[in-house]
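See structure below.
None of these values were measured; they are calculated from a predicted model.
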Amino acid sequence: MIRPAAAAAVLGLLFALPASAQRAPQDEARPTPQLTDGDERLDATLWVQRSVEFAQVARQAYQLAEIRLPQALAQPGSAALEQADGGAGKPPAVIFDVDETVLDNSPFEAWMIQRGRPGFDQKLWDEWLATRRARATPGAVAFVAALREAGVTPLFVTNRECEPRPGADVPCPQEADTLANMKAVGFGDIPPEHMMLKNEQPDWPSDKGTRRAKAAADYRIVMAVGDQFSDMISVTRKDDTDRRAELMAEHQAQFDLRWVVLPNPMYGAWLDVLPKPRTDALLP
């Protein structure tokens, strides 16, 4: 079991930055960290940041995607259920989620844990985006490079929210932050039109279906990569674990070829849909 003091020391080292680096989100009170063994985020965040297993699982997921790519290109059909005609005759593209798929935001989770901040805070999350300090997920940069070399366009559909920010002179500063962050960690220049944020258009809610349909209007979507089931199919938090299992079974052929999943133990609808207390969800 991880002791609170040891965990605090580990996370402190992980989140330490040189003085010249951009600062993390600001916290008026700067409370003393309240780390306990009972914080459900702690082990998950440490696994992402410290385990060799996470790095290898992520890298292998992208290696698998690259192995599958020739078959996905050769076989008719689409990774987007919104593309009913299969996209024949259109140039190929792969749709990626951003957070915990191509960018690793575990330092934000570490920052929240260190300060005893429960749950999700949109204001602090937006401040984190502005620091442009997310790291590349292992294997992601190499796969995106391989796609470009193969003539396949990478497209990014993210639920980073497009919203005004005090002092920003553009309507969607989160897009600029994301593009700059991704360029800094090795993804190169990404055209803004290839980055689709939540609420960037009036009909782009958190459900990504309309954005996948937008991408499918111009491209054949040969693969989709994400850390959430909703990166591939329209599901809601009302769809419980049993319903998600049914949908997975219905679309197993997509998982076998076109849908690639990255591990994310830190957060997600998979956790939110479990009953409370969560111990009731344990299987004997």
Among the clusters formed by ILVMFWY side chains lying less than 4.5 Å apart, do V222 and I233 turn up in the same one? no

Mind running salt bridge (charged side-chain N to carboxylate O under 4.0 Å, His left out) on D218 and K90 for me, showing each step along the way? CA-CA 7 Å; D218 299 316; K90 294 177 180 177; over 6 Å; no

Parallel, tilted or perpendicular: which one describes the rings of F120 and F108, with boundaries at 30° and 60°? perpendicular

Listed once per pair and sorted, the side-chain hydrogen bond (donor to acceptor under 3.5 Å, both in side chains) pairs that draw on residues 143-159, sequence neighbours left out: N159-R211

From M232 atom CE to K208 atom NZ, the distance as rounded to the nearest 0.5 Å: 9.0 Å

For residues 150-185, which residue pairs qualify under ring pair (Phe, Tyr, Trp, His ring centres under 6.0 Å), counting only residues two or more places apart or in two chains? F96-F156

Check the pair S106 / R135 against side chain to side chain contact (heavy atoms under 4.5 Å, CB included), numbers first and verdict last. CA-CA 9 Å; S106 62; R135 300 184 273 250; 3.7 Å; yes

Tell me whether V98 shares a hydrophobic cluster with V141, the cluster being built from Ile, Leu, Val, Met, Phe, Trp, Tyr side chains joined at under 4.5 Å. yes

Is there side-chain contact between K183 and I190, with heavy atoms separated by less than 4.5 Å? no

Measure the shortest side-chain to side-chain distance between V185 and L103 over non-hydrogen atoms and say whether it is less than 4.5 angstrom. yes

Let's go through W128 and R133 carefully: what are the C-alpha distance in whole Å and the side-chain angles of both, what is the deciding distance for side chain to side chain contact (heavy atoms under 4.5 Å, CB included) to 0.1 Å, and is it a yes or a no? CA-CA 8 Å; W128 160 255; R133 291 177 50 224; 3.6 Å; yes

Go through the steps for I221 and R212 under the test side chain to side chain contact (heavy atoms under 4.5 Å, CB included), then give the verdict. CA-CA 9 Å; I221 312 304; R212 287 192 293 266; over 6 Å; no

Distance from R220 atom CZ to S78 atom OG, nearest 0.5 Å? 7.0 Å

Show every side-chain hydrogen bond (donor to acceptor under 3.5 Å, both in side chains) that has at least one partner inside residues 256-268, sequence neighbours left out. E100-Y267, D227-N264, Q252-D256

For K214, does the NZ atom sit with more than 12 other heavy atoms under 6.0 Å from it, leaving out its own atoms? no

Under 4.5 Å between any side-chain heavy atoms of V225 and V94, yes or no? yes

Can you confirm whether L179 sits close enough to M182 that some side-chain heavy atom of one is under 4.5 Å from a side-chain heavy atom of the other? no

Heavy atoms, side chains only, cut-off 4.5 Å: are E163 and P173 in contact? no

E109 and T45: side chain donor to acceptor below 3.5 Å: no

Would you tell me whether S234 and D207 have side-chain atoms, one donor and one acceptor, within less than 3.5 Å of each other? yes

Any P154 side-chain heavy atom under 4.5 Å of F143 side chain: no

Partners of D272 by side chain to side chain donor-acceptor pair (under 3.5 Å), sequence neighbours excluded? R237

Here the gap from E193 atom CD to E200 atom CD, rounded to the nearest 0.5 Å, amounts to 10.0 Å

So, are R160 and D97 salt-bridged, with charged N and O less than 4.0 Å apart? no

Is a salt bridge present between D239 and R244, judged by a nitrogen-to-oxygen distance below 4.0 Å? no

CA sep, side-chain torsions, deciding dist, call: T101, T137, side chain to side chain contact (heavy atoms under 4.5 Å, CB included): CA-CA 6 Å; T101 296; T137 299; 5.8 Å; no

Hydrophobic cluster membership, with links at side-chain heavy-atom distances under 4.5 Å among I/L/V/M/F/W/Y: are V48 and L42 in one? no

Within a strict 4.5 Å, meaning less than it, do heavy atoms of the Q254 and L81 side chains meet? yes

Please list all pairs passing the ring pair (Phe, Tyr, Trp, His ring centres under 6.0 Å) test where one or both residues lie in residues 191-248, with sequence neighbours left out. F229-F255

Selection residues 51-75 - residue pairs positive for side-chain hydrogen bond (donor to acceptor under 3.5 Å, both in side chains), sequence neighbours left out: W47-S51

For the atom pair CG (D43) and CE (M266), what is the distance rounded to the nearest 0.5 Å? 13.0 Å

If you group Ile, Leu, Val, Met, Phe, Trp and Tyr by side-chain heavy-atom gaps below 4.5 Å, do L129 and L197 land in one group? no

Hey, are D126 and R165 close enough for a salt bridge, meaning a charged N less than 4.0 Å from a carboxylate O? yes

Do E175 and P192 have side chains that approach each other closer than 4.5 Å (heavy atoms only, starting at C-beta)? yes

Count I, L, V, M, F, W, Y as connected when their side-chain heavy atoms are under 4.5 Å apart, and connections chain through other members. Are L262 and I95 then in the same cluster? no

Once you round to the nearest 0.5 Å, how far does CE of M248 lie from OG1 of T241? 11.0 Å

